[in-house]
Amino acid sequence: MTLQHSTAPRSDGRPSGDDGSSYDIFALQQKWLARWEAEKPFEVDDDSNAKPRKYILDMFPYPSGDLHMGHAEAFAYGDIVARYWRQQGFQVLHPIGWDSFGLPAENAAIKRGTDPREWTYANIAQQKASFKLYGNSFDWSRELHTSDPEYYKWNQWLFLKLYEKGLAYRKDSWVNWDPIDQTVLANEQVLPDGTSERSGAVVVKKQLTQWYFKITDYADRLLDDLNQLEGSWPAKVIAMQRNWIGRSIGADVDFVIEGHPDRVTVFTTRPDTLFGTTFLVVAPDSELAAQLAADSTPEVQAAFADYLEQVQKSTEVERQDAGRVKTGIPLQRTAINPVNGERLPVWTADYVLADYGHGAVMAVPAHDQRDLDFALKFGLPVKVVVDTNAPVTGAIPVITQEMLDAADVPGPDPADTGVALTGAGRMINSGPLDGLNKANAIQRVIELLEAAGTGRAAKTYRLRDWLISRQRYWGTPIPILHGEDGSLHPVPESELPVRLPDSAGLDLKPKGQSPLGAATDWVNTTLPDGSPARRDPDTMDTFVDSSWYFLRFLDPNDDSRAFEPADAEKWAPVDQYVGGVEHAILHLLYARFITKVLFDLGYLSFTEPFSAVLNQGMVLMDGSKMSKSRGNLVEFASELAAHGADALRLTMAFAGPPEDDIDWADVSPTGSAKFLARAWRISGEVTSPPEVEWKGGDASLRRQTHRLLADAPGLLEAFKFNVVVARLMELVNAIRKAIDSGPGAGDPAVREAIEVVAVLLSLFSPYTAEDMWERLGYGSSVAFAGLRKPDPTLLVEDSITAIVQVDGKVRDKLEVSPTIRASELEKLARASAAVARSIGDREVVNVIVKAPRVVNIATKG
RNA sequence: GCUCCCGUAGCCCAAUCGGUAGAGGCGGGCGACUUAAAAUCGCCGCAGUCUGGGUUCGAAUCCCAGCGGGAGCACCA
């Protein structure tokens with residue numbers, strides 16, 4: 001299809017002669033790119049303390065081909081921020097690298113019968129060239145690739161550190177299995193509809209022994225520390241993380257099951273309703289259900305086997321459909337309620353999840369909708385223990401007998417209405433809890449349980465441990481040896497890295513087992529005592545790679561340690577992190593977790609990796625996500641070829657707030673290019689020399705320039721790039737006018753204004769800005785010219801327009817001094833004929849004066 | 001179903017504290033330059049802030065309700 005904006009002229013059409021009067025972005029790109037390549041202006045020196053430091057980081061990309069419009073947006077914003085802080089006199093660390101392990105490379109390799117390395121590193125070369133052309137001010141000397149042994153060696157080191165701390169462990173459990181990619185997935189990688197975020201396959205459950213990182217040990221800290229990030233992280237991301245961790249507060253209650261050796265513990269957030277429990281439900285895919293069924297009657301054993309099979313066949317999608325009819329079977333076992341000795345039937349049903357809480361619940365149908373649905377379906381009893389009609393307020397902890405009598409109106413019976421009573425009320429039918437309100441009943445019942453040793457206060461989390469094993473080739477080998485007796489032996493640090501074997505001769509096709517297991521020479525090894533052993537054949541989830549890479553940038557070539565704590569002290573945490581909201585949970589949570597682990601291990605002095613996060617929106621086309629199949633794909637390469645890097649970057653900045661989506665059909669890269677040409681042209685028209693004294697310049701133009709100098713930092717730090725661009729356009733319009741019909745091109749104010757334009761424009765459109773700076777007579781780079789402080793004397797206005805309102809409607813405007821006193825302003829307002837006319841013969845009842853802007857006269861009658 | 005965010009001109013978007021609704025761009029119209037066109041330069045704001053209430057001297061801004069759009073969560077005990 002024809003791209004809507006691909007017809008931009010390459011120049012203004014004039015012959016691009018030697019007079020330098022024609023703006024040709026492509027010539028500028030060539031010219032300045034060569035200069036940056038030679039001079040490497042953006043490499044930073046760790047040892048220099050001459051300037052304060054900032055660490056501005058873009059989420060490093062996966063090398064999937066070439067850059068796309070989404071990259072163009074995100075990396076434009078990151079670069080604007082980095083260049084801004086340079087102009088503010090900071091030494092800015094702005095590195096880039098490649099998240100280069102992962103499935104697409106492996107899948108491409110399988111398809112073409114080549115090595116994943118080839119595909120990966122060819123893509124990197126292409127994207128790297130695009131980044132350079134796009135004008136990103138990266139410190140290329142720190143480039144890293146997670147797929148290099150020099151990098152993944154330290155993944156292995158990190159794994160060993162977690163292993164030593166007991167934070168990396170093996171567990172046999174039901175895992176999410178992706179039948180297309182033939183590998184396991186972390187919970188976080190399964191979409192809410194039960195499909196794989198990567199392959200789109202419907203994820204199934206499979207039982208495997210896998211490596212986990214014990215992120216649940218950090219659940220409280222990961223949750224509580226979010227408070228510190230409030231205001232500097234997107235509220236949405238914080239909310240998503242809170243939700244994901246999902247802490248619930250309640251109690252564990254132990255039930256005895258007749259004929260079962262162990263007590264069965266359930267978690268509940270409503271221990272106050274314990275007296276209303278009428279049955280127990282255990283998850284069908286739990287160990288407990290299997291045991292209870294096995295010890296039951298043959299009929300139950302058979303029914304259970306059928307039910308379990310049926311449950312496991314159902315997809316996550318079906319299972320999570322909230323509206324679906326409940327299923328389950330009785331296990332013919334009896335539990336004893338610890339507080340009142342009531343005998344309760346035990347059921348198994350798939351509305352109870354095996355891996356949340358203890359995989360079992362106490363069912364209180366009167367006060368829980370799910371339990372009620374189940375009870376009504378299977379004819380189980382419903383016992384009301386909270387009178388939700390009772391007049392209970394938080395201020396009255398205990399209800400008197402009089403109140404009980406007065407308010408004893410039976411509420412709607414959930415068994416009749418089908419609606420559970422989940423609201424607050426006062427306890428009834430609950431022995432020692434009767435009359436208490438919810439909070440007090442919870443407190444009391446926990447005391448009773450603790451005294452009896454049958455329960456305790458407890459917290460549960462939605463967050464699960466992080467499954468890191470992957471049965472694929474293109475990842476970091478797990479540095480563990482398995483002895484013949486099944487013993488585990490970490491590879492000594494001195495023997496790292498455990499390198500990936502050559503893929504030649506290995507069948508990388510997914511078959512449910514790691515291809516590394518077939519690399520005989522690689523997998524078979526010996527323990528230090530000479531006995532035979534096998535290497536762990538799995539590789540790590542690539543989110544391990546990205547959970548600490550921001551630390552590796554501090555010195556990616558250091559082969560003696562992952563990073564130098566002293567460097568981390570200098571640069572980290574990251575001052576501004578920029579990237580997509582698609583990483584709101586996975587990547588950011590894992591990076592926060594690893595940071596806290598490294599803090600606990602004494603390697604870091606901070607506990608949060610990213611002080612501030614900016615999420616860019618998406619780039620859409622015609623209202624929807626771009627995709628080849630939709631036919632609305634806008635190619636980065638063709639946009640770059642049509643408009644040039646500067647216009648593209650400027651368009652991204654000008655399109656609107658960075659976190660909003662950009663519809664490419666709504667924006668105009670040609671408009672951006674036109675503006676750049678206009679600004680650039682002015683830089684060649686200035687006739688005053690660089691050393692000209694500003695002071696004699698046109699006062700009104702100077703005021704406008706200095707107003708922009710005053711406003712720009714606040715706007716930029718609030719990411720209002722679009723407003724800054726608008727202000728630059730405004731100033732360029734004013735300069736144009738000053739040259740054509742004002743004081744002329746030789747006025748010092750014209751030079752001052754266009755210099756400020758060049759410096760600010762360098763954040764957005766670096767090629768054009770560099771060339772403007774050169775045309776203005778400077779030999780050094782505009783990237784480091786510095787943003788001047790505004791002259792305060794130029795920020796005060798000579799006069800200001802005050803408005804006079806009568807009953808809220810503007811009736812007159814007065815030119816007054818900005819320092820006018822309220823009484824003086826009121827006098828002027830009352831003297832206005834227009835005001836007097838509009839007051840007429842009504843009575844003035846109130847006069848509000850907000851000097852110097854507003855007078856409002858309120859009348860009556 | 002629950003929670004959060006957003007509705008300003010034909011379109012994308014501005015509007016520090018509640019104080020003149022319009023900065024900027026796109027589109028459109030008119031004009032200058034030109035033999036003509038392109039490019040360039042100049043001029044023109046076309047809506048009263050989704051709707052209905054409320055608070056206030058004063059509301060795009062704060063509160064309530066509704067409508068429309070988007071996002072997140074959703075059998076988590």
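In what follows, chains are A, B, ... by sequence order, proteins preceding strands, each numbered from 1.
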**Request:** Evaluate the side-chain proximity of A:L449 to A:L274: yes if any heavy-atom separation is below 4.5 Å, no if none is.
**Result:** yes

**Request:** Kindly say if A:K850 contacts the phosphate of B:G18, meaning a side-chain N or O under 4.0 Å from OP1 or OP2.
**Result:** no

**Request:** Please check the phosphate of B:C26 (OP1 and OP2 only) for any side-chain N or O of A:T670 closer than 4.0 Å.
**Result:** no

**Prompt:** Contact class for A:T460 vs. all strands (heavy atom < 4.0 Å): base, sugar-phosphate, or nothing?
**Reply:** nothing

**Message:** Over all strands shown, is A:K813 touching base, sugar-phosphate only, or nothing at heavy-atom distances under 4.0 angstrom?
**Reply:** base

**Message:** So, OP1 or OP2 of B:C41: does either fall under 4.0 Å of a side-chain N or O from A:R681?
**Reply:** yes

**Short side-chain N/O contact from A:N243 to OP1 or OP2 of B:C4, under 4.0 Å** = no

**Prompt:** Does B:C26 have OP1 or OP2 sitting under 4.0 Å from an N or O in the side chain of A:K674?
**Reply:** yes

**Item:** side-chain N/O A:R707 vs B:A23 OP1/OP2, d < 4.0 Å
**Value:** no

**Item:** Closest listed nucleotide, where the reference is the side chain of A:N722 and the choices are B:A14, B:G19, B:G72
**Value:** B:A14

**Message:** Does a side-chain N or O of A:K737 approach OP1 or OP2 of B:C43 to a distance below 4.0 Å, or not?
**Reply:** yes

**Asked** Taking only side-chain nitrogens and oxygens of A:R678, does any of them come within less than 4.0 Å of OP1 or OP2 of B:G42?
**Response** yes

**Item:** Side-chain-base donor-acceptor pair under 3.5 Å for A:N856 and B:C57
**Value:** yes

**Message:** Quick check: any donor-acceptor pair below 3.5 Å linking the side-chain of A:K236 to the base of B:C5?
**Reply:** no

